[in-house]
**Q** 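Mind looking over this structure? Questions follow.
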There are 2 protein chains.
Amino acid sequence: MGAVHGSHAILAEPDTVDEVLDMIRASGGRATTSRRVLLEVLFGGSGHRTAEDLGREVAARAPEVHISTVYRNLDELERMGVVTHAHMGHGPVIYQLASRAHPHLICERCGTRIHAPDELFGHLTRTALRSFGFAVDPRHLAISGVCSQCADR
Amino acid sequence: MGAVHGSHAILAEPDTVDEVLDMIRASGGRATTSRRVLLEVLFGGSGHRTAEDLGREVAARAPEVHISTVYRNLDELERMGVVTHAHMGHGPVIYQLASRAHPHLICERCGTRIHAPDELFGHLTRTALRSFGFAVDPRHLAISGVCSQCADR
DNA sequence: GTACCTGCAAATCTTTTGCACGACA
DNA sequence: TGTCGTGCAAAAGATTTGCAGGTAC
């Protein structure tokens with residue numbers, strides 16, 4: 001399994017579909033088709049996908065899987081620490097593998113998303129902790145603003 | 001009218017209900033009861049209210065005003081620059097007078113909201129602009145994290 | 001008088017939940 | 001075999017929209 005980050009309460013960061021299925025079995029859960037396919041989709045594709053996106057990709061391989069099952073499985077994977085969700089402002093939540101999560105800058109005009117490094121938030125994180133005792137999680141909510149292209153107009 | 005902030009594209013920052021109604025009339029709009037009462041509620045109360053909250057307070061004074069009218073009027077006030085909305089993560093959007101807007105830190109465990117000064121974001125804002133050409137708006141999306149009380153548990 | 005605004009109902013979009021059936025360990 | 005998971009339908013919560021009638025200017 002991958003390294004566990006020091007500062008985040010990540011329970012586990014498995015690197016493969018089978019490792020996650022083993023974790024599920026180990027805690028009394030079952031390795032079903034819908035879970036296997038969802039994990040394949042998550043490990044196989046890019047980040048930034050909504051539940052609807054993931055549901056569509058899962059259904060392409062296993063047509064009987066219902067969107068409500070996708071939501072339930074995403075919830076469980078999130079409880080296990082394998083998946084995280086993030087709010088981008090308007091529009092639905094996006095889901096990613098926890099091991100690939102990172103902060104986002106999102107343009108409030110055109111919706112463009114920029115991947116930001118955690119370091120961008122270092123100063124804010126330290127200051128918020130010192131001033132308010134508040135431990136910033138820069139990945140859970142995007143940072144809103146205006147991208148350079150929109151600013152030029 | 002109040003001073004206009006330098007760095008934000010704020011169209012106007014009126015200080016009273018009547019000033020806003022004058023602005024509405026000046027642009028061909030009408031000073032209706034639902035608009036007057038909504039403005040009274042906005043100027044009278046604290047920030048951080050959802051459309052539902054505002055609708056309830058408006059209805060207390062003018063029972064016939066429908067929630068859809070509140071949404072429509074909030075949208076128009078936002079286009080005028082009088083009101084802004086902000087996303088707090090889970091849950092509905094909150095609305096405030098633009099002149100009273102400020103950044104928020106929101107605890108992802110208990111939901112506690114902390115008012116933050118704009119200066120907290122100075123370093124992030126400068127760095128994001130330099131690195132990505134991205135002009136951060138720290139007020140439009142809250143910053144997620146864990147408050148000191150929840151961290152102690 | 002006429003454009004603008006409103007109430008109401010219904011639609012939309014995202015997510016959650018209840019329930020009875022089906023399948024993994 | 002018994003529990004856990006699933007599909008389906010329906011509900012829930014937030015917001016938007018179409019329309020016909022009402023009102024400010």
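Every chain is numbered from 1 and lettered A, B, ... according to where its sequence line falls, protein lines coming before strand lines. The structure displayed is predicted, hence computed values, not measured ones.
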**Q** Quickly work out the A:I94 CD1 to C:dT15 P distance and round it to whole Å.
**A**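 Nearest whole value for this atom pair: 11 Å.
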**Q** When clusters are formed by joining ILVMFWY residues with side-chain heavy atoms under 4.5 Å apart, either directly or through shared neighbours, do B:L129 and B:I143 land in the same one?
**A**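 Different clusters.
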**Q** Determine, using the 4.5 Å side-chain heavy-atom cutoff (strictly less than), whether B:M88 and B:L97 are members of one ILVMFWY cluster.
**A**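 The answer is no; the residues belong to distinct hydrophobic clusters.
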**Q** Using atom CZ of A:R35 as one end and atom P of D:dC4 as the other, report the distance to the nearest whole Å.
**A**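 These atoms are roughly 11 Å apart.
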**Q** Looking only at the side chain of B:P92 (C-beta and beyond, no hydrogens), which of the listed nucleotides C:dA9, D:dA14, D:dT6 gets closest?
**A**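 Ranking C:dA9, D:dA14, D:dT6 by closest atom to the B:P92 side chain puts D:dA14 first.
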**Q** Can you tell me the distance, in whole Å, between the CG atom of A:L74 and the C1' atom of C:dT16?
**A**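 Answer to the nearest Å: 13 Å.
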**Q** What string of B, S and - do you get for nucleotides 17-25 of chain C, 5' to 3', if B is base contact, S is sugar-phosphate-only contact and - is no contact with any protein heavy atom under 4.0 Å?
**A** BB----BBS
**Q** Please report the distance, rounded to the nearest Å, between CD1 in B:I67 and P in C:dA10.
**A**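 The distance from CD1 of B:I67 to P of C:dA10 comes to 18 Å, rounded to the nearest Å.
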**Q** Less than 4.5 Å apart, side chain to side chain, heavy atoms only: is that true for B:H48 and B:D53?
**A**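 Not touching, per the 4.5 Å side-chain cut-off.
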**Q** Expressed in angstrom and rounded to an integer, what is the separation of A:L38 atom CG from D:dT6 atom C1'?
**A**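 Atom-to-atom, A:L38 to D:dT6, this comes out as 14 Å.
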**Q** Checking all strands, does B:E64 fall into the base, sugar-phosphate, or nothing category for heavy-atom contacts under 4.0 angstrom?
**A**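 The answer is sugar-phosphate, as B:E64 gets under 4.0 Å only of primed atoms, P, OP1 or OP2.
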**Q** Should A:D75 and A:R72 count as an ion pair when the cut-off is N to O under 4.0 Å?
**A**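 No, A:D75 and A:R72 are not salt-bridged.
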**Q** If you check every side-chain atom of B:T69, which of C:dT6, D:dG5, D:dT15 has the closest atom?
**A**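 Among the listed nucleotides, the one closest to the side chain of B:T69 is C:dT6.
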**Q** Over 60° means perpendicular and under 30° means parallel, so classify the ring planes of A:H140 and B:H90, tilted if in between.
**A**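 Because their plane-to-plane angle lies in the 30° to 60° range, the rings of B:H90 and A:H140 count as tilted.
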**Q** Under a 4.5 Å cut-off applied to non-hydrogen side-chain atoms, are B:T50 and B:V93 in contact?
**A**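 Side chain of B:T50 against side chain of B:V93, heavy atoms only: no contact under 4.5 Å found.
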**Q** What is the separation between atom CD on A:E78 and atom C1' on C:dT15, rounded to the nearest whole Å?
**A**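 Value for this atom pair: 13 Å.
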**Q** Can you tell me the distance, in whole Å, between the CG atom of B:L21 and the P atom of D:dT23?
**A**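 Going from B:L21 (CG) to D:dT23 (P), I get 18 Å.
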**Q** Whole angstrom is fine here: how far is it from CG in B:D75 over to C1' in C:dC5?
**A**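 About 14 Å, once rounded to whole Å.
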**Q** In terms of the angle between their ring planes, are A:H87 and A:H85 parallel, tilted or perpendicular, with boundaries placed at 30° and 60°?
**A**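 Perpendicular: the ring planes of A:H87 and A:H85 meet at over 60°.
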**Q** Just compare C:dG7, D:dT15, C:dT6 and give me whichever is closest to any side-chain atom of B:V65.
**A**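 Among C:dG7, D:dT15, C:dT6, the one nearest the side chain of B:V65 is C:dG7.
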